[in-house]
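Single-structure report; data block below.
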Amino acid sequence: MTATETNLSTQYDPKQTEAKWQQYWADKEVFKADPNAEGEPYCIVIPPPNVTGSLHMGHAFESALIDTLIRYHRMIGRNTLWLPGTDHASIAVSTIVDKQIKTEGKSREDLGREEYLKKAWAWKEESGTTIINQLKSLGVSADWTRERFTMDEGLSQAVKTAFVKLYEEGLIYRGNYLVNWCPASLSAVSDLEAENQEVDGHLWHFRYPLSDGSGHLEVATTRPETMLGDTGVAVNPNDERYKDYIGKTLTLPIVGREIPIIGDEFVEMEFGTGCVKVTPAHDPNDFEMGKRHNLPMINIMNKDGSLNENAGEFQGQDRFIARKNVVKKLDELGNLVKIEDYRHSVPYSDRGKVPVEPLLSTQWFVKIDPLSQKALGCLDNENSPNYVPERWKKVYRDWLVKLKDWCISRQLWWGHQIPAWYVVSETNGEIQDNTPFVVAFDEAEAETKAKEKYGNDIELEQDPDVLDTWFSSGLWPFSTMGWPENTADLEKYYPNSTLVTGFDIIFFWVARMTMMAGHFTDKMPFDDVYIHGLVLDENGQKMSKSKGNGIDPLLMIDKYGADALRYTLITKVVGAGQNISFDYDRKKQESASVEASRNFANKLWNASRFVMMNLKGKTPQEFQFSFNSNKLQYFDFVGNEFLEKADYWILSRFYQTVKQTRSNIEKYGLGEAAKGLYEFIWNDFCDWYIELVKTRLWQDESSASRKVAQNVLAYVLDGILRLLHPFMPHITEEIWQTLTQYNGKYILAVQTYPELNDNLIDLELEQSFDLLFNTIGTIRNLRAESVIKPGEKIKVILQTESEKEIELLKSTEAYIKDIGKVGELIISSTLEDPGQVIAGVTATVQILIPLTGLVDVPALEAKLQKKLDKVEKDIKSLTGRLNNPGFVNKAPAEVIQGANNDLAEAKKQAEILKERLERLK
């Protein structure tokens, strides 16, 4: 190939490049894992997004973190698997399908289960791959040949196996307990599906009369309608005000039911009146008190949120209508004391968007204590799993300690139908709380079990409910590997190496995975849990659909490229578990930080073009280094010193960057790693090293110095592309293919990550170049201030009493003269009268440029003074406006802010001009 054929196009086009490599990687199955291949395993399973979902900034952030880890470990030689998939999201899909059939004027029951599920599967097939395709647009290196879905055949078998095993071990039971109930979706919901919202409500105070007519007790509640189900009033047994009342009874207003006064230390004496109404069937704390004191549990509510026959005259009324009517009735009876405004937290159903109702219901439960104790043992005895950052370990541990039995049944049709069959012939053909049942893997097994127990003349009906989505996702780390079968994947990649997830689901998902894995596999499901924060909007607020403050990552990808978005999100990580803010101009639909990352990509692209044009068609493979006696030497000239000081410096900086990058990634400091790469690539390589070797590249083709410069450029650029690849995979793959001229024969994604060589790091050399760059920067600034023509050679005096600095400056004298456009350079510990100069300082080095014969100093002073006079006039005018009450009180806020900004800028300009004039004097 010719030099032209091997060079990059003049402009980087992320759309074209990213689409090209995403398709190539997919077609060639580059990321397909092989459990029989060599290499220590490294595996991450994706936190499965809902099949209903679309890519949001949280997905983009999490996927960027995972992909960076996966690509890095693949390049360091690990046998790597990133297993993707989606969750069936029972409630979310059910909500969508319910809305569809509602528009047809039908209900779930009208269709019947079979037709309903056909619609659900049709919707899943039509829309279910949306988020997967969107994730692919990020360029994630997942093994798509292993993509799983929580309701695919294999995972469904795993769910049945887990349920049956837990039941047979006595760890799953069916019982009547208090659950979170969503009246909108008509299903029990988990704590995760109930989001607490602060609301402005009321605190109603009522009198409950003593049954003996000797007085009354005053109670307060935020849910007056539940008083119809009260079966007691509780006081603290240590409360002197009420000790004598314990054991007496009250007459419940409206209902007329006689209820006891009980003593329970749960009651806070300082809160309210110190008397608490007890409604065991409608409050979790009351439920526990009710059990402790054997109180009746009276359910007053239907599953749709209306009141039932136990509510008397309020039967059939919606709970919120009944609330008003109950208060009105109590007022009429003289039992209403007062109503206070009260702001409090109310759990809302995430899907149903209505307040959750604690409801007594017959459901399926998992006994948590044996499972949580196993997970606690692994945590305390083996520090497994390891949490990053470690502070989340305590949060996770505290949660395991507090866990109660888990309600796993949901009154939905989309999901894993509970593998239990009721012998309905024993209860008049209906499923009732006392209907006998058998748990089995399938209907045939259920029939066999039922006949053995109840005789041949039986009728079976499968439980209509489905399992909580978290039951199946709790098996995800090992069910996706083929469990309960002992597959090659399970043998090789389980336990997973790392779980990357947000802190907001430690309790709901991470804990369930560790408990399930500990029980079924006797191992924790992953070695490390890397906890990341949330992506906040430009105002530091959590993004949500209800707030409408989400930022579409696809829009950012379309505008700036996937690499730019990925890199931006990673560089914003200042510490594991910390939230990150995403800057965004909603009017322009722009992000300054993503634009900066795109500019970084352009910088790398243009620097790579320059390097390749100066390699004259040669590839890094044709240039080679050899390591001899732990010292880098040019392959063609072994034994001779052809590397120059700048070459040693960039190689030292390169290996320092390799060291820092690998160390940061290994300890999950991805943000620090990304920022370090930015500094090295942009500043050290693109800005300084390329500048330092330009004159060498212009030498004759036979020049050894030129060949070495080409060699080092090719070597370091190849290393940069490898280092940066996990963070920005598309642009690095494109440049690397062009640089190496492999054209897809080999893939950067599976090349070796740069390895550390401490022997090539020279900190003293790097320090000397820091002084060099600061000196050159000062010379450039002084030239600009003095309006010296860019190409004009000047005289420069460098004076310092430090022998070390003199030595460092003399060792880099050639670079100072070359880049600073210095004709005569004096480096000295003493200073004779240099005449009129402009001066600057870096470290303890004085940098002086004599101006005699070079600059018309009086004319320059006059020019600067004229500028200063104008700026000071502007300052006076702006100050006068801002001190004028008529302007400040009438002008719009943005105008006043603009004036303040202009004043600050003018004052800064005046300060710079005064400093420049002072230097001339």
Side-chain angles (χ1 to χ4, degrees), residues 12-15 17-19 21-22 55-72 75 134-141 500 530 532-533 535-536 551-576 578 580-584 590-608 657 660-662 664-665 668-686 717 719-736 748-749 753:
Y12 175 53
D13 180 358
K15 280 186 183 179
T17 299
E18 290 172 359
W21 288 110
Q22 287 164 17
L55 188 69
H56 58 62
M57 201 56 79
H59 290 132
F61 176 46
E62 187 169 79
S63 297
L65 295 173
I66 295 174
D67 197 47
T68 300
L69 290 170
I70 283 289
R71 287 181 181 270
Y72 167 77
M75 293 180 76
Q134 291 171 340
L135 284 170
K136 289 179 179 179
S137 70
L138 280 168
V140 298
S141 59
V500 179
Y530 172 44
H532 62 73
V535 184
L536 307 179
I551 301 169
D552 187 355
L554 296 174
L555 180 66
M556 295 291 97
I557 291 172
D558 186 62
K559 190 162 195 165
Y560 302 110
D563 281 347
L565 177 62
R566 289 166 57 121
Y567 200 72
T568 299
L569 291 169
I570 294 172
T571 53
K572 286 183 177 292
V573 178
V574 293
Q578 298 295 314
I580 68 171
S581 289
F582 192 89
D583 60 289
Y584 188 59
E590 293 176 347
S591 168
S593 57
V594 186
E595 185 172 1
S597 294
R598 184 192 61 187
N599 293 342
F600 174 52
N602 289 336
K603 181 85 169 181
L604 175 63
W605 184 268
N606 291 330
S608 300
T657 304
Q660 292 168 351
T661 303
R662 292 183 71 124
N664 280 324
I665 296 177
Y668 297 100
L670 302 186
E672 292 86 347
K675 290 168 191 170
L677 286 172
Y678 181 97
E679 293 298 323
F680 170 69
I681 295 168
W682 188 296
N683 296 328
D684 295 338
F685 185 70
C686 297
L717 179 57
I720 281 171
L721 298 173
R722 293 169 189 257
L723 282 174
L724 187 61
H725 180 76
F727 301 87
M728 302 180 87
H730 305 92
I731 188 172
T732 51
E733 186 78 73
E734 178 72 14
I735 295 173
W736 189 81
L748 175 58
Y753 206 72

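Along the sequence shown, residues are numbered consecutively beginning with 1.
The ring pair (Phe, Tyr, Trp, His ring centres under 6.0 Å) check on Y753 picks up Y72, with sequence neighbours excluded. For D558, the salt bridge (charged side-chain N to carboxylate O under 4.0 Å, His left out) partners at least two apart in sequence or on another chain are K15. Every residue two or more places apart in sequence or in another chain that forms a side-chain hydrogen bond (donor to acceptor under 3.5 Å, both in side chains) with N683 is listed here: E679. F600 pairs by the ring pair (Phe, Tyr, Trp, His ring centres under 6.0 Å) definition with Y567, Y678, not counting sequence neighbours. Listed by chain and number, the residues in a side-chain hydrogen bond (donor to acceptor under 3.5 Å, both in side chains) with D552 amount to none (sequence neighbours excluded). The ring pair (Phe, Tyr, Trp, His ring centres under 6.0 Å) search around F61 returns H532, not counting sequence neighbours.
Using modelled atom types, one side-chain atom of E18 and one backbone atom of D563 make a donor-acceptor pair closer than 3.5 Å. With hydrogens and angles disregarded, a donor-acceptor distance shorter than 3.5 Å links the side chain of R566 to the backbone of P726.
We find the CD-CG distance between E595 and N602 to be 10.0 Å, quoted to the nearest 0.5 Å.
Judged by distance alone, the side chains of T568 and S593 never bring a donor and an acceptor atom under 3.5 Å apart.
When the options N664, L65, T661, V573 are evaluated for a side-chain contact (heavy atoms from CB on, under 4.5 Å) with L670, the one that passes is L65.
The aromatic rings of F582 and Y584 lie tilted to each other, with the angle between the two planes from 30° to 60°.
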